[in-house]
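Notes follow once the structure below has been shown.
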2 protein chains.
Amino acid sequence: MEIIERKPRSREQTRSGIVKTAKSIARREGWQAVSIRKIADAIEYSAPIVYEYFDSKDVLLDEIRNEGFRHLYQEYDRILKLYRDPEKRLYEISVVQWEFARQQPEIYQVMYNLAGAYCTMPVCRSEMMQAVSDIVCQTLFSFIPKSKESIKRLYFQWWALSHGMITLAMLLKDEQPVEQSEQIYCETMRRFVRQLS
Amino acid sequence: MEIIERKPRSREQTRSGIVKTAKSIARREGWQAVSIRKIADAIEYSAPIVYEYFDSKDVLLDEIRNEGFRHLYQEYDRILKLYRDPEKRLYEISVVQWEFARQQPEIYQVMYNLAGAYCTMPVCRSEMMQAVSDIVCQTLFSFIPKSKESIKRLYFQWWALSHGMITLAMLLKDEQPVEQSEQIYCETMRRFVRQLS
DNA sequence: GTCTTCAGTTAACGGTGTTAAATTGAGTGT
DNA sequence: ACACTCAATTTAACACCGTTAACTGAAGAC
């Protein structure tokens, strides 16, 4: 009767289909609901096929995490090319970080193992994360040229402030409207940036 | 042959045994390795017994989470009774928060759904968490009596800064020694507190 | 002795990540 | 036309998970 159920797809298409499906399930139902079988169903294959593209679920999550850091890296890079003023640069980077977490929360979650997402690979081993760190440190340096150690401290503080507000805003979004959190975020990051001068 | 394998225990002993076992597995192997069967094995019962004490794994995690917030509440309360100076109060509260996360990371993780821990119950619905929020807000108010809205903003900033540094320190502990993170934490929190005056 | 009660067990259901084995089917040599 | 090969894909299995229903066995009541 039926000729071909499944549309023929290239390897690349199938691969990105797996990634896309994983993200969409995570967005709708949370990362703890993402399973290999569910992904396989969605892409109209059986479960073992997924293993032809990713050695394990862990590797799949790691890929999505790195995709997230790469996206962030590209955005930061764009900002560095767009603005010369260090103050403007760091503030815009902060805003981009917020918008990324807001628009793609499921990716932000897997990047930091939040909300039940769990990827075994240590975050700090990710090359893309290192690149992101470097680009922010570079911005901080163009701001106030200090010792490497000082820059690292400053970076840790900036990162913690931004990451802390983002994760808390996610956690409290039922109590405290996101718009309000966003306002506090922007104001706080602005003040952090200003105080650096 | 064998008379009684398992030592007789009271209901309370068994219950706290379940909680203790869950925490100890989480500490050793991470929350994703905590299973009802493993807990049951450790307390020398079969799995369904656990359900006589906790309706679900979720409820068990929620209990541990609330235990964490209660512990924090008691510590904060102790500090409020110990010091009168608001600056000292808030700083000591910050330090206690750090020490708690350092000494009982597995509890801190389940409180905020970090590192693969996943408890469905929304954090902000926890009564103990509300009590913790109130006590810090109270401290902030004794600091600078301002509008409720202002205090809430200040609290969000303090919380985000502290929580952000704690989670990042956990994440980066292989790269950045904990002692170093602790030093930056203390310095940053001290500055935050001072700047409030 | 039988009956009830109850703590505790086993067994099961539907799910998970993962892997080995079986199956399908199309292309090729003769 | 038939057999053979080879790759793609699926089925079946393993050991685990949370959870629940059904069962067991012993103690106490009558």
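Below, chains carry the letters A, B, ... as their sequence lines are ordered, and counting in each starts from 1.
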In whole angstroms, the gap separating P of D:dC17 from OH of A:Y118 amounts to 16 Å
Whole-Å distance, A:I39 CD1 to C:dG15 P, equals 16 Å
Closest of D:dT9, D:dG18, C:dG17 to the A:Y45 side chain is D:dT9
Nucleotide nearest B:I49 when distance is taken to its side chain, options D:dC17, C:dG17, C:dG8 | C:dG8
note: A:L61, atom CG; C:dT18, atom C1'; distance rounded to Å ~ 15 Å
Determine the contact category for B:V50: base if any of its heavy atoms lies under 4.0 Å from a base atom, sugar-phosphate if only primed atoms, P, OP1 or OP2 are that close, otherwise nothing.
-> nothing
Nucleotide nearest A:P48 when distance is taken to its side chain, options D:dC17, D:dT11, C:dG8 = D:dT11
Look at B:E99 together with B:R102 and state whether they make a salt bridge at an N to O cut-off of under 4.0 Å.
-> no
Out of C:dT9, D:dT9, D:dC17, whichever nucleotide has its closest atom nearest the side chain of A:S46 = D:dT9
A:A33 or A:D55: which one's nearest nucleotide on DNA chain C is closer to the 5' end?
-> A:A33
Tell me which nucleotide among D:dT9, C:dT19, D:dC17 gets nearest to the side chain of B:R37.
-> D:dC17
Across the strands shown, which category fits A:E52 at heavy-atom distances under 4.0 angstrom: base, sugar-phosphate, nothing?
-> base
Whole-Å distance, A:K38 NZ to C:dG15 C1', equals 10 Å
Salt bridge B:K23-B:E67, side-chain N to carboxylate O under 4.0 Å | yes
For the residue pair A:W158 and A:Y155, categorise the inter-ring angle as parallel (less than 30°), tilted (30 to 60°) or perpendicular (more than 60°).
-> parallel
In whole angstrom, give the distance that lies between atom OH of B:Y51 and atom C1' of C:dG8.
-> 16 Å
Is B:E149 salt-bridged to B:R153, going by a charged N under 4.0 Å from an acidic O?
-> no
B:I25 atom CD1 is separated from D:dC16 atom P, nearest whole Å, by 14 Å
Distance, rounded to the nearest Å, where B:Y53 contributes OH and D:dG18 contributes C1' = 19 Å
Between A:R190 and A:E87, is there a salt bridge with N-O shorter than 4.0 Å?
-> no
Atom NZ of A:K57 to atom P of C:dT19: distance rounded to whole Å?
-> 14 Å
